Every structure is written in structure tokens, then in C-alpha cells.
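Proteins come first, then strands; the chains are lettered A, B, ... in the order of their sequence lines, and each starts at number 1. Fair warning: this is a prediction, and the values are worked out from it, not measured in the lab.
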There are 2 protein chains.
Amino acid sequence: MSETAPTTFAEIRALLDQLPGPDLAAGRAAAAREAQLTKPAGALGRLEDLAQWLATWQGRHPPRIERPYAAVFAGNHGVAARGVSAYPAEVTKQMVRNFIDGGAAVNQLCVLVDADLRVYELALDEPTHDFTERPAMEEEDCARAIAYGMIAVEEGIDLLCLGEMGIGNTTSAAALCHALFGGAAADWAGRGTGIDDARLIHKTALIETAVAKHRLAMTDPLEILRYLGGFELAAILGAIMAARLARTPVVLDGYACTAAAAVLHALDGHALDHCVVAHMSVEPGHARLLERIGQRPILDLGMRLGEASGAVLAVPLLKAACACHSGMASFADAGVSGPG
Amino acid sequence: MSETAPTTFAEIRALLDQLPGPDLAAGRAAAAREAQLTKPAGALGRLEDLAQWLATWQGRHPPRIERPYAAVFAGNHGVAARGVSAYPAEVTKQMVRNFIDGGAAVNQLCVLVDADLRVYELALDEPTHDFTERPAMEEEDCARAIAYGMIAVEEGIDLLCLGEMGIGNTTSAAALCHALFGGAAADWAGRGTGIDDARLIHKTALIETAVAKHRLAMTDPLEILRYLGGFELAAILGAIMAARLARTPVVLDGYACTAAAAVLHALDGHALDHCVVAHMSVEPGHARLLERIGQRPILDLGMRLGEASGAVLAVPLLKAACACHSGMASFADAGVSGPG
């Protein structure tokens, strides 16, 4: 991937035009098989939709999940120095250590669902600029982070779970959503890792002021990302694009991850068609955001951890969709009577 | 279990008084450990609650799921002859064959989550009586079905998933709910395997008339079960009781399974404390029923298949709760800073 890695926004925009569409034939094959399986039509609900979606975006029938992969991008945020998080910024690096040592939630979940996990660090000693003062990133740095995210899509994987770690990044995510979708800053700001009322008011005011300050300069979604985003969020956007090019369906995690994806959706309303959102975060902006990008989460378990935990938790359900689709007997094979 | 198997309702009522309560010490140990793990407090949402619930009802800390077990009870219903289902009654037996041959959805799901599956047939050639005419079961037959369900709780299992197969049994389930909770028959009747409007009207009217006809005779929840239930639903009630006695947490499936459980709840408001409902069925009475018995489903995937499919699908989420709870590092061990 590195020989074609974009280094400017113009190159990234050009890449958008190359994103492949759905494999409708594979999707039709899935729908045709589904109708023959020993169950009332539609009785497996969302599992049936997911099997068809996987076929459509893996470009093969039957769909299979044999090599799921979880990529967690970690970055630091200048705005974290403003006291927007319950945790100090050094926790980003400490948690990366914890991922490497196997002690985090996502490690346990990856073992359980038999997914490979890789953590991608984005210059943790060099946080983005504080977006309340100036653009968080230079164009070149932002484009490089996107390109870095593109390398996460390894050869041979058949499902990509995306997640992030970055103290301060729900502030960045809320700012992205406020700039992309309007409304009030309070619609998008939440408690993140668990801030109290006073900090939430402070966080909301910072977002409101920063977005208003940069409003005129942010002339398109990539500029919004550059002004308000973070390296790990830019990398997620890159990983989503690369997955599309590789015909690898994507599972998005919670609020920060989906906010990064929303930048891509704003650039191209079909750019997330190969993505599914794993779960509804407790972060109140997430429900609003999902509505804006037309996504329905698979799970709703009151989670708000990030680090791809929700995305990996959805893997067994996607595997279940494949297993039922591929393994069930047909009415004819099993000698089961149809409706009559 | 057979030497103590109840054969009368009086014996079943007596058994209710012997159901053990929660192991609060195990639950407290789980809560204490949860607070030390490397995540913001509460960030794993429902997974944290489920880990504590599993500890409380397995009576051990940490909770473990190493031998999940799925029991599917199959029975036939006299009321099926009234044209309340989209499928003919012989499908019950054909689907049991399909379970044994490994071709049904639940077979694929059990392989995926590494759960043992066993199908329990309840006299498929002798359906219950048509409850629109007379009580569906004699007391002795109903008590025997409950006792049969009790044997499903094998030694050494640590999670019991319950489900059913029985053409006509959403009609029975709706009648049970209507009798237990009141309201209108239309509140509880749904499309089951997929009946059209005309059949739904017919099904609803049958339920309304039958419940009104037997109202005065149904003097307690076990009598409601006897008049309106089915053998497989009685067996589910027995399995739930036996699991409680064996300190085995239970995962309930969809509408018919939960309706059977609701009979037990009506007998004793704490009798389902060791049970969790796996998913929200499309069957419209299910949401109402869950509200009445104070249960919140884990999944909501638009499913309506029965055969324990939803219950088994929830197993990976319960395993995930255990895996995170047991495997994660503490803040102290990982050298991660707390909130500050």
C-alpha cells in the first residue's frame, strides 16, 4: 500500500473516486439461499441482513469470517491539556502498553472471538495542536495519518474491527460532529471517560467556541478533520478507505470511531456502505450521529470504553450470521414442510 | 433428579420454597474486582452487570462459562388444528429431525459458541388438548412435563440456554400472557411464524374466547399453565427451577420461552432472578411481557425463530463478560493512572 499512499488531501479525494461499489451478484446469491433455509422467512432478523451485507462487501458467496482483525489506533490530543478528560494524557501511552501486555478489555475479547489485534501508535509524544487555538493538524500530517491508517488493512483478513485510544478524543469527536452536522455543541459533547457536570460544561464551551472560531476556514470535511480531529481519527478514516479497496467489511466501534467515519460519509454518502456500527455508545452524541449517517448499531449494551471493544464484541454475531447462512439445511434437504 | 421429581402441583409449589437465593458474597467479590480493572468505572456497561450476575447465581467468583448447554423442548399443541400457524403441525417433528441432523439454526450457533445441544421431545404424537375446548393438560401430565424439564439440567453445566419448538405455541404463549397479565388478547397475539392479517384476527379471537371461557377455573398460575400451556412450555418451567437448585444461570430465548418463565414469576416474584432474557423478539407481546416480569433483553436483532437461537446467540456476550472480568489487568498491575 505504501507506494500509493496519499500525502495530500487532493490525493485522498482522488482515491475516493476509486472506491469499489457493492458486489450485487454475491448479495443476490445470499438472498436466494436465505429463502431456502429451514426457518420462517425473515425469522433470523438482522442476522439475515448481515449475511447478505457481508456477501455484498466481501464480494463472495457464501460470506466467511475466518480472519477477523482488530486495529486500534492511538493518538494524543493537544486539547487534553485543557482539562476535558477525567484522566491525564499519559494514560494514552499507558493503555497502549496495557494493550501490548494483553491486559485491556479488547485483548480478552480478541482472544475470545479469535481475532488478531494490532495497536498502531501515532506519535504519542507529539499530540495534535490544541484545536481551541489553531488547526489540530497540518495538511501533510493529517494526510500521513490517513495513509498510516491505510496500512492496517493486511492481506488476507476478511473483517476489520476499528477502534481508538486517545485521552481527549471524545472532545475532538464532538467537535467534528458539531462542525459536520450543526446543532448545538451540547448535542454532541458527553462525559467521555466519566467527567462531572462542571467539566462537561467546560468541555462543551470549548467545543462551541473552537468550532465557531474555525467555521469559515473549514471549507470541506477533510478540513474539518484537520482543524478538529486527531491522528488516530484520521488513521481510522484511512483504514476504512483501504478496507473498501480490499473488499474487507468494516466494524466500527463507538463514538470517536464513528465520528472519524462520519468525515468520510460527508465526503461521499456511500463511502461507509461497507461498514456496520457495532454498538450504541452511552455517549449521547452517538445516537444522533448514527441517525445522521444512516447506521443502526448491532448491540446496545451501555458501553463507552472505545479501544475497539464494542466492534470486537460484535464479531461473534457476524460469525453467527455466516454460520447460519452457510450451515443450515434447506427445506428440501431436511424434508421440512413449508408454510401451507 | 428423578427420585425427587414432582408429580403433582402441590409438590411443585413445595419445591418453590426450596429455591436458593443469591450468593451475595460472590456478587460483592465481582463488584470489588470490577472497580480495579483498567477502564473507566462502568465503561463496559451491561457486561459488568452480567459478570456480577453470573457470579451471584453461579455462586462463585470469578464466574466462568466453560460448559454452556442448550436444551430445546419440543411439544405439539391441540390448538394447532385450528389454523393458528402458517405451518402444519407435522413441522414440529420434522424440525426435531432437523435438530438431530444438525441442520437448524440452533445447531450452527451451538457449534459456534461451543455449547452442547440436546433436544427433548414431549410426546409429539400426543398433542395437548385444544385449549379453546378444554384444559390443554391434566394436572398429572403437566406436572410430569415439568419434571421432565427438570432433568435437562445436567451435572457440571455452568449456563443453561432454554428454547422451544412447537407449531402453535405462540398461540399458547399469548393465551398464557393474556391470562396472567390481563389486557386485551390483541396485546399478546402476534404473527408467530408469519401468519397473515386474517389468521391473526382468527388467532386473537380464539385466545380471547378461550381465556374468557376458562377465567374462573384458572385459580392460580399453575392452573393457567395447565389450561392454556403446552408440554414444552411446562418443561421449560421445570428446567428453570432445576437450574436454580443447581446454581446454574439460565438464558431464556424469545416469546414462548419467556411466557413459560412468566408462569414461574407469577408464582414467585424472585423465581427468575437467576435468568436473563437473551433477546427481544419481533413478536409484539414480548416487549410487554418483559416489562411485566422486569427483564431487559441483551440483544435486539429482530429475531423470531425460537429453538433457543436467541439464547445461544447471547452466549458469546456472557463469555465476554467473564473474559473481561477475569482477564483484564488492574490499574495497579498495569501501571495505568487513575482519574485525576
K.L.:
If you count heavy-atom pairs under 4.5 Å between each of Asn107(B), Leu317(B), Val106(B) and chain A, which one has the most?
P.N.:
Leu317(B)
K.L.:
Working to the nearest 0.5 Å, report the span between CD of Gln108(B) and SG of Cys322(A).
P.N.:
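Taking CD in Gln108(B) and SG in Cys322(A), the distance rounds to 12.0 Å.
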K.L.:
As an exercise: rank Gly83(B), Gly302(B), Ala323(B), Ala105(B) by heavy-atom pairs under 4.5 Å with chain A and give me the winner.
P.N.:
Ala105(B)
K.L.:
So how far is it from Ser309(B) OG to Lys39(A) NZ, rounded to the nearest 0.5 Å?
P.N.:
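Here the rounded value is 11.0 Å.
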K.L.:
Which atoms of Val91(B) come close to chain A, meaning under 4.5 Å heavy atom to heavy atom: side chain ones, backbone ones, both, or neither?
P.N.:
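It is the side chain, since no backbone atom gets that close.
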K.L.:
Pick from Ala329(A), Cys324(A), Pro339(A): which one has the most heavy-atom pairs with chain B under 4.5 Å?
P.N.:
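Highest number of heavy-atom pairs under 4.5 Å: Pro339(A).
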K.L.:
Looking at Leu313(A), Val312(A), Asp333(A), which has the largest count of heavy-atom pairs under 4.5 Å with chain B?
P.N.:
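Looking at each option in turn, the highest pair count goes to Leu313(A).
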K.L.:
Minimum heavy-atom separation for Thr38(B) to Met95(A), with atom names?
P.N.:
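So the minimum-distance heavy-atom pair works out to O-CE, 3.9 Å.
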K.L.:
Do you know which two heavy atoms are closest between Gln94(B) and Ser337(A), and how far apart they sit?
P.N.:
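Taking every non-hydrogen atom into account, OE1-N, 2.7 Å.
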K.L.:
Is Ile195(A) close to chain B through its backbone or its side chain, or both, or neither, when contacts mean heavy atoms under 4.5 Å?
P.N.:
neither
K.L.:
Where on Asp101(A) is there a heavy atom nearer than 4.5 Å to chain B: the side chain, the backbone, both, or neither?
P.N.:
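No part of it gets close to chain B.
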K.L.:
Name the region of Arg199(B), side chain, backbone, both or neither, that has any atom closer than 4.5 Å to a heavy atom of chain A.
P.N.:
side chain
K.L.:
Within a radius of less than 6.0 Å around CD of Glu90(B), do more than 12 heavy atoms belonging to other residues, nucleotides or ligands occur?
P.N.:
yes
K.L.:
Under 4.5 Å, counting heavy-atom pairs only, tell me which of Ala334(A), Gly338(A), Ser85(A) racks up the most with chain B.
P.N.:
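Most heavy-atom pairs within the cutoff with chain B belong to Gly338(A).
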K.L.:
Less than 4.5 Å to any heavy atom of chain A: does that hold for the side chain of Leu299(B), its backbone, both, or neither?
P.N.:
side chain
K.L.:
Shorter than 4.5 Å, heavy atoms on both sides: which option in Met303(A), Arg296(A), His325(A) has the most such pairs with chain B?
P.N.:
Met303(A)
K.L.:
Using a heavy-atom cutoff of under 4.5 Å, enumerate the residues of residues 40-49 of chain B that contact chain A, numbered in order, or state 'none'.
P.N.:
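Under the 4.5 Å heavy-atom cut-off, Pro40(B), Ala41(B), Gly42(B), Ala43(B), Leu44(B), Gly45(B), Arg46(B), Leu47(B) qualify.
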K.L.:
I need the single residue from Leu112(A), Val113(A), Leu109(A) that forms a side chain to side chain contact (heavy atoms under 4.5 Å, CB included) with Lys319(B). Which is it?
P.N.:
Leu112(A)
K.L.:
At a 4.5 Å cut-off on heavy atoms, which part of Leu37(B) comes close to chain A: side chain, backbone, both, or neither?
P.N.:
neither
K.L.:
Does any heavy atom of chain A fall under 4.5 Å from the side chain of Arg304(B), the backbone, both, or neither of them?
P.N.:
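Both the backbone and the side chain of Arg304(B) come within 4.5 Å of chain A.
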